[in-house]
Amino acid sequence: MLDVIEKAKGRSVTIQSPGTVANLVCGFDILGLALNDPCDVMTVKLIDRPEVIIHNVDDYNLPTDPQKNVAGVPLLDMIERLGNQVGFDVTIEKRIKPGSGLGSSAASAAGGVVAANHLLGNIFSQNDLVQMAMLGERLASGVKHADNIAPCITGGVTLIRSILPLDITGISSPPLYVTIVHPQIEVRTEDARQILRKQILLKDAIKQWGNIAGLVAGLMKGDYELIGRSLEDVLIEPVRSILIPAFAEVKAKSLEAGALGGGISGSGPSIFMLSKDEVTALAVESAMKEVYTQTGIAYYTYVTTINKEGVKIIG
Ligand code: HSE
């Protein structure tokens, strides 16, 4: 290991870390997919002191104290695992707005550890990286969850069957377009988790696990109708949707425009819709714009596809 560290000192790598849609409507904390747009960009350099130095090159004013930064905490854990023989200098250019529901904290947490691991000759396994990156999620939301982290690292659609022990599996999917509207308001994941009911009724659980199984089967079989029918959430959406202006209208108009279905992206406020083809995805974008223009709230939209690679080395 000493050899690997010696060789890597002073080297740097630049990566692109994708945004993600967690939950996929019915799969709270257990399903997620990676997006081709938006993505963060990070450069990580190995230094010979056991510390993390953070430079933010964006306007979000995020903490540079590594103990308070979602990329910093996982890297501090990696340094400890390496016996405090090395450190990291990290430059973060966030293009995924914090508090958007598009996996901004996961992109920083996962991007940092994947980049550092690359410099070290990939000595850590994918599960190790997910474990480290989840420490960033715990800092951001108070709870460890991997439904943004896992797809961010691996790309594609992922199922997190369990986080203790970690059990992650990729789910194949047919071509899908993702249309997103991101209202420019911030919903903190921690707040969006606190308002959830702690207990649920058996009849609701039955509906929910029918939908989760239906969604996974639909994705693996390429059955668009089954995917559409399964994008239903009877547990979380009824509670969280009150935090998102015009949620019901966006959903109704998007379905009218031909979307298969969709709902809250992660903990919101972004709303995502899946479509079979680009023409429909663009019609869904127009429908979302029409609704949001009437609210008077500023917003961004994205029309993108599923990112199959996850965190990518670009330099
Ligand atoms: N599964 C998490 C939640 C994702 O919904 O709280 C947060 O991005």
Side-chain angles (χ1 to χ4, degrees), residues 17-35 38-40 60 62 70-71 73-74 94-111 130-131 133-154 157-164 166-169 171 178 180-183 185-198 200 204 208-209 211-212 215-216 231-244 247 262-272 302 307 310-311:
S17 193
T20 42
V21 172
N23 301 336
L24 299 185
V25 184
C26 50
F28 180 69
D29 276 2
I30 65 161
L31 289 172
L33 61 76
L35 298 166
C39 293
D40 283 352
Y60 297 121
L62 293 169
V70 293
V73 170
K94 288 214 76 63
R95 297 178 184 174
I96 311 167
K97 196 174 176 192
S100 58
L102 297 174
S104 179
S105 52
S108 296
V130 173
Q131 295 282 11
M134 277 199 299
L135 299 174
E137 289 292 55
R138 191 175 63 189
L139 178 72
S141 68
V143 188
K144 281 187 185 175
H145 55 90
D147 50 340
N148 295 105
I149 296 286
C152 181
I153 291 179
T154 64
V157 183
T158 56
L159 164 68
I160 297 90
R161 193 197 64 80
S162 152
I163 58 164
L164 215 84
L166 203 54
D167 187 356
I168 293 169
T169 187
I171 307 274
V178 191
I180 296 166
V181 61
H182 171 199
I185 53 171
E186 188 180 344
V187 173
R188 292 181 62 238
T189 300
E190 196 168 0
D191 299 336
R193 293 183 81 91
Q194 255 160 22
I195 60 170
L196 298 177
R197 289 190 292 260
K198 302 290 174 285
I200 58 169
D204 291 337
Q208 198 82 357
W209 58 55
N211 282 325
I212 295 165
L215 180 56
V216 171
L231 288 167
E232 181 198 33
D233 174 9
V234 296
L235 300 179
I236 311 295
E237 183 182 291
V239 182
R240 281 187 172 170
S241 56
I242 53 170
L243 301 175
I244 306 172
F247 177 79
I264 303 170
S265 177
S267 55
S270 292
I271 305 168
F272 82 102
Y302 301 92
N307 175 321
V311 178

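When a ligand or atom number is given, it counts from 1 through the structure's own listing order. Quick caveat: nothing in here was measured; it's all calculated off a predicted structure. Computation of the quantities below employed the complete heavy-atom set of this structure, encompassing side-chain atoms and omitting hydrogens, waters and symmetry-equivalent molecules.
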A.B. asks: Between ligand 1 and Glu137, can you find any atom pair, the residue atom being a heavy atom, that is separated by under 4.0 Å?
C.D. replies: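 No heavy atom of Glu137 comes that close to ligand 1.
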A.B. asks: Do we see a donor-acceptor contact under 3.5 Å between the side chains of Ser265 and Ser270?
C.D. replies: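 No pair is found: no donor N or O on one side chain lies under 3.5 Å from an acceptor on the other.
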A.B. asks: Please could you name the atoms of ligand 1 that Ala22 approaches to less than 4.0 Å, counting only its heavy atoms?
C.D. replies: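 Matching atoms, with element in brackets: 4 (C).
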A.B. asks: Got Arg161 and Ile30 here, is their nearest side-chain heavy-atom distance under 4.5 Å?
C.D. replies: no
A.B. asks: Under 4.0 Å from a heavy atom of Arg240: give me the atoms of ligand 1 that qualify, with their elements.
C.D. replies: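 Counting atoms of ligand 1 from 1, those under 4.0 Å from Arg240 are 3 (C), 5 (O), 6 (O).
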A.B. asks: What atoms of ligand 1 come closer than 4.0 angstrom to any heavy atom of Phe28?
C.D. replies: 3 (C), 5 (O), 6 (O)
A.B. asks: So, regarding Asn23 and ligand 1 (criterion: nitrogen or oxygen to nitrogen or oxygen, under 3.5 Å), is there a contact or not?
C.D. replies: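 Asn23 vs ligand 1: N/O contact under 3.5 Å present.
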A.B. asks: Quick one: look up the protein heavy atom nearest atom 6 (O) of ligand 1 and list residue, atom name and how far away it is.
C.D. replies: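 Nearest neighbour among protein heavy atoms for atom 6 (O) of ligand 1, to 0.1 Å: Arg193 NH1, 2.7 Å.
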A.B. asks: Applying a 4.0 Å heavy-atom criterion (strictly less than), which segment of Asn148 is in contact with ligand 1: side chain, backbone, both, or neither?
C.D. replies: side chain
A.B. asks: Between CD of Gln194 and OG of Ser141, what distance do you get to the nearest 0.5 Å?
C.D. replies: 10.5 Å
A.B. asks: With heavy atoms under 4.0 Å as the rule, classify the contact between Thr189 and ligand 1 as side chain, backbone, both or neither.
C.D. replies: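 Contact part for Thr189 vs ligand 1: side chain (C-beta onward).
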A.B. asks: Side chains of Leu24 and Leu33: does their closest heavy-atom pair fall under 4.5 Å?
C.D. replies: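 They are in side-chain contact.
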A.B. asks: Would you say the side chains of Thr20 and Asn148 form a donor-acceptor pair under 3.5 Å?
C.D. replies: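 Judged by distance alone, the side chains do pair up.
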A.B. asks: Using side-chain hydrogen bond (donor to acceptor under 3.5 Å, both in side chains) as the criterion, list what pairs up with Glu186, not counting sequence neighbours.
C.D. replies: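 Listed in chain order: nothing, the list is empty.
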